Trainee: 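Take a look at the following structure, please.
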Amino acid sequence: ENVRMAVQIGALSFAFLWLNHMVTCAWYGIGRAAPTGTSMRWVNMEWSSTGAAFQETNRVYQYLTSFHWAMAQTTLGAMEVTPTNSYERS
């Protein structure tokens, strides 16, 4: 019974991480490609820690920042990345 419970917890954890991965990819895709009425996108923001635009950082940093945002939306976390146009807000 303990093994079955461990497998169920593992499956639930995997499903949660997979869902957040999908939200991560969607959020990043919206930031890169969605039309914008304000000419601004969250991926064009400058990061105070590096002084560079988000798009100039490496892909791992971009993915982890997007993943952090997705996790913050599904948990009680906070994130400093905010939507900057109507497509990102919806």
Side-chain angles (χ1 to χ4, degrees):
E1 185 169 315
N2 289 338
V3 172
R4 192 174 110 211
M5 185 182 298
V7 168
Q8 288 176 338
I9 290 171
L12 183 61
S13 297
F14 178 78
F16 181 73
L17 290 173
W18 181 253
L19 173 66
N20 276 286
H21 168 73
M22 300 315 263
V23 171
T24 297
C25 293
W27 175 244
Y28 183 74
I30 289 169
R32 291 282 302 216
T36 174
T38 62
S39 300
M40 294 178 62
R41 293 186 168 95
W42 76 268
V43 295
N44 296 334
M45 304 295 285
E46 270 191 23
W47 298 104
S48 59
S49 61
T50 61
F54 180 75
Q55 291 182 4
E56 296 171 2
T57 60
N58 66 47
R59 297 248 183 219
V60 172
Y61 183 80
Q62 292 175 6
Y63 177 80
L64 291 176
T65 301
S66 300
F67 188 77
H68 183 198
W69 181 87
M71 290 292 288
Q73 303 313 302
T74 57
T75 62
L76 298 176
M79 182 67 186
E80 294 182 17
V81 173
T82 57
T84 59
N85 63 49
S86 56
Y87 280 93
E88 293 172 359
R89 286 185 188 98
S90 59

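Keep in mind that this is a model prediction, so the values were computed, not measured.
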Trainee: Any idea which heavy atoms bring Thr24 and Ser66 closest together, and the distance?
Mentor: CG2-CB, 3.4 Å
Trainee: Can you confirm whether Thr74 sits close enough to Val23 that some side-chain heavy atom of one is under 4.5 Å from a side-chain heavy atom of the other?
Mentor: no
Trainee: Checking ring pair (Phe, Tyr, Trp, His ring centres under 6.0 Å) against Trp27, which of Phe67, Tyr63, Trp42 comes through?
Mentor: Trp42
Trainee: Using 0.5 Å steps for rounding, measure from the CZ atom of Arg41 to the CD1 atom of Ile30.
Mentor: 11.0 Å
Trainee: Can you tell me how far apart CD1 (Ile9) and CZ (Arg4) are? Round to the nearest 0.5 Å.
Mentor: 11.5 Å
Trainee: Look at the side-chain heavy atoms of Ile, Leu, Val, Met, Phe, Trp and Tyr, link any pair under 4.5 Å apart, and say whether Tyr28 and Trp18 land in one connected group.
Mentor: no
Trainee: Measuring only between side-chain heavy atoms, which start at C-beta, is Tyr61 closer than 4.5 Å to Glu56?
Mentor: no
Trainee: Would you give the length of the straight line joining atom CG of Leu19 to atom CZ of Phe14, rounded to the nearest 0.5 angstrom?
Mentor: 11.5 Å
Trainee: Could you tell me whether the side chain of Thr57 and the main chain of Phe54 form a donor-acceptor pair under 3.5 Å?
Mentor: yes
Trainee: Drop me the distance from Met22's CE to Leu17's CG, to the nearest 0.5 angstrom.
Mentor: 13.0 Å
Trainee: What's the spacing between Gln73 CD and His68 NE2 if we round to 0.5 Å?
Mentor: 9.5 Å
